[in-house]
Enquirer: 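Provided herewith is a single structure, encoded as structure tokens, for subsequent inquiry.
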Amino acid sequence: MVQVSMAEGLVQYSGKRFLFRTALPSLAAAVMLAVATFGLVRWATDATDSVEIARQKTLMASLIGDLRVQLAHDQESSTVWDEAVIETTAEEPSRQWLDLNLGSWMSSYFGIDDIYVVRPDNHPVYVLDAEGAKAEAHFRELHTEIAPLLDRLRARLRAGDAEGIGDTVRSIGESDFIVHDGHPAIVSLKPIVSETGDVPQVPGEEPIHIAMRYLDGAFAAKLAK
């Protein structure tokens, strides 16, 4: 039979007392502190992520707004021009002239991806890199997405709306952010109008120049840099 001395009993009792009164509560407090610290760090990280996401959304909204203005401004380099009115309303427009002045040049110089020129009946007289039935098919795919913009612009032209025209804006227009064929893009519509006012035009029947810039692919890579 094992005898436990009083001194040994006191040691065991003291050890248990330390365990229950000091060690375990301290350990529990440490665990709670670790959990709280982890939660605080996680919350701070989530909050930071939320702020960063919100900041990026604001930045993208501002960027898209700036691109819409710039795209419309780029179009006006050729859409406010007497000769452009004459060529686009001719019975047999010259594709070579249209391509050189309203199409491929604007695409290469301004980085515009898709360009269309349509008459009041929505018949395309020019589509960048497309001719004939192929051109009409291209525009049919786009028309359902931009029909409200076309209707609104023509209604404004018929009404003689000049809102926004000033020193830096030479003609009214419509633009929007769309998803075309699975690609996010900015589309901008500008009427082809006389620069001098010497070429007669019926309000609302002006040819419309449609420019589209995609926001993915090469542009997204450039933006990321």
Side-chain angles (χ1 to χ4, degrees), residues 53-85 88 98-118 122 124 126-128 139 142-197 201 203-204 206-225:
I53 290 171
R55 187 187 72 82
Q56 291 185 12
K57 286 182 177 179
T58 301
L59 177 63
M60 286 303 299
S62 176
L63 176 63
I64 289 174
D66 290 344
L67 285 173
R68 289 170 65 173
V69 172
Q70 184 61 51
L71 183 55
H73 179 72
D74 293 342
Q75 288 173 277
E76 289 182 351
S77 64
S78 292
T79 58
V80 184
W81 187 16
D82 289 9
E83 191 173 347
V85 176
T88 53
L98 294 175
D99 186 62
L100 181 62
N101 294 280
L102 295 171
S104 59
W105 172 78
M106 298 181 76
S107 176
S108 60
Y109 190 79
F110 296 121
I112 301 173
D113 294 300
D114 292 350
I115 295 175
Y116 305 81
V117 177
V118 298
N122 287 338
Y126 174 80
V127 174
L128 182 66
F139 184 69
L142 178 67
H143 179 254
T144 54
E145 298 167 344
I146 66 166
L149 295 177
L150 276 169
D151 293 343
R152 187 157 61 240
L153 179 56
R154 287 187 173 130
R156 292 178 62 195
L157 289 166
R158 285 192 295 270
D161 184 1
E163 182 179 355
I165 296 178
D167 294 337
T168 59
V169 179
R170 305 174 67 191
S171 64
I172 65 172
E174 292 288 339
S175 66
D176 203 356
F177 172 81
I178 67 171
V179 178
H180 177 62
D181 196 24
H183 301 282
I186 295 172
V187 62
S188 176
L189 284 65
K190 279 284 186 178
I192 297 176
V193 295
S194 172
E195 182 177 12
T196 63
Q201 293 182 276
E206 297 88 344
I208 304 297
H209 187 273
I210 303 165
M212 186 150 51
R213 184 161 191 187
Y214 295 108
L215 301 180
D216 54 2
F219 175 79
K222 181 179 179 181
L223 179 62
K225 291 180 181 179

Enquirer: Taking Q201 for its side chain and S194 for its backbone only, find out whether a donor-acceptor pair lies under 3.5 Å.
Expert: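 Side chain of Q201 to backbone of S194: a pair is present.
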Enquirer: Which pair of non-hydrogen atoms, one from D216 and one from P184, has the smallest distance, and what is that distance?
Expert: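 Nearest heavy atoms, D216 then P184: OD2-CD, 3.6 Å.
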Enquirer: Show me the side-chain donor-acceptor pairs of residues 163-172 shorter than 3.5 Å, one per line, residues at least two apart or across chains.
Expert:
| unit_1 | atom_1 | unit_2 | atom_2 | d |
| --- | --- | --- | --- | --- |
| R170 | NH2 | E195 | OE2 | 3.1 |
| S171 | OG | E76 | OE2 | 3.4 |
| S171 | OG | K190 | NZ | 3.4 |

Enquirer: Check step by step if side-chain contact (heavy atoms from CB on, under 4.5 Å) holds for L149 and I210.
Expert: CA-CA 10 Å; L149 295 177; I210 303 165; over 6 Å; no
Enquirer: For the residue pair I178 and L142, what are the closest heavy atoms and their distance?
Expert: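 Smallest interatomic distance, heavy atoms only, reads CD1-CD1, 4.1 Å.
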Enquirer: Specify the closest pair of heavy atoms between V127 and P124, including all atoms of both residues, with the distance to one decimal.
Expert: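 The pair with the smallest heavy-atom distance is CG2-CB, 3.9 Å.
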Enquirer: Is any side-chain heavy atom of L157 less than 4.5 Å from a side-chain heavy atom of I208?
Expert: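 Yes, their side chains come closer than 4.5 Å.
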Enquirer: I need the D113 CG to L128 CG distance, nearest 0.5 Å.
Expert: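 Interatomic distance, D113 CG to L128 CG, rounded to 0.5 Å: 9.0 Å.
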Enquirer: Kindly compute the distance separating CD1 (I115) from OG (S188), expressed to the nearest 0.5 Å.
Expert: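 Here the rounded value is 11.0 Å.
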Enquirer: Provide the closest heavy-atom pair for W105 versus S77 in the form atom of the first, atom of the second, distance.
Expert: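 Taking W105 first and S77 second, the nearest heavy atoms are CZ3-OG, 3.8 Å.
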Enquirer: To the nearest 0.5 Å, what is the distance between CZ (R213) and OG (S107)?
Expert: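 Interatomic distance, R213 CZ to S107 OG, rounded to 0.5 Å: 10.0 Å.
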Enquirer: How far does CZ of R152 sit from CG of L150, to the nearest 0.5 angstrom?
Expert: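 The CZ atom of R152 sits 10.0 Å away from the CG atom of L150.
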Enquirer: If the test is salt bridge (Lys or Arg N to Asp or Glu O under 4.0 Å), which one of R68, R154, R156 qualifies with E174?
Expert: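 So the option named by the test is R156.
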Enquirer: Let me confirm one number: the CG-CD1 distance from L67 to I186, rounded to the nearest 0.5 Å.
Expert: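 So the CG of L67 and the CD1 of I186 are separated by 4.5 Å.
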Enquirer: Does anything in residues 143-193 pair up under ring pair (Phe, Tyr, Trp, His ring centres under 6.0 Å), and if so which pairs, sequence neighbours excluded?
Expert: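 Qualifying pairs: F139-H143, H183-Y214.
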Enquirer: What pair of heavy atoms forms the shortest contact from D114 to Y116, and how long is it?
Expert: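 Of all heavy-atom pairs spanning D114 and Y116, the closest is CB-CE1, 3.9 Å.
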Enquirer: Got a second to check how far N101's CG is from T88's OG1, nearest 0.5 Å?
Expert: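 These two atoms lie 11.0 Å from each other.
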Enquirer: I'd like to know if the side chain of H209 reaches the main chain of L102, judged simply by a donor and an acceptor atom lying under 3.5 Å from each other, with no hydrogens or angles considered.
Expert: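 Checked: pair present.
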Enquirer: Once side chain to side chain donor-acceptor pair (under 3.5 Å) is applied, do any residues pair with T196, and if so which ones, sequence neighbours excluded?
Expert: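 With sequence neighbours excluded, T196 shows a side chain to side chain donor-acceptor pair (under 3.5 Å) to D82, D198, given in chain and number order.
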Enquirer: Heavy atoms only: give me the nearest F110-D74 pair and the separation to one decimal.
Expert: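 Shortest heavy-atom separation between F110 and D74 comes out as CD2-CG, 3.3 Å.
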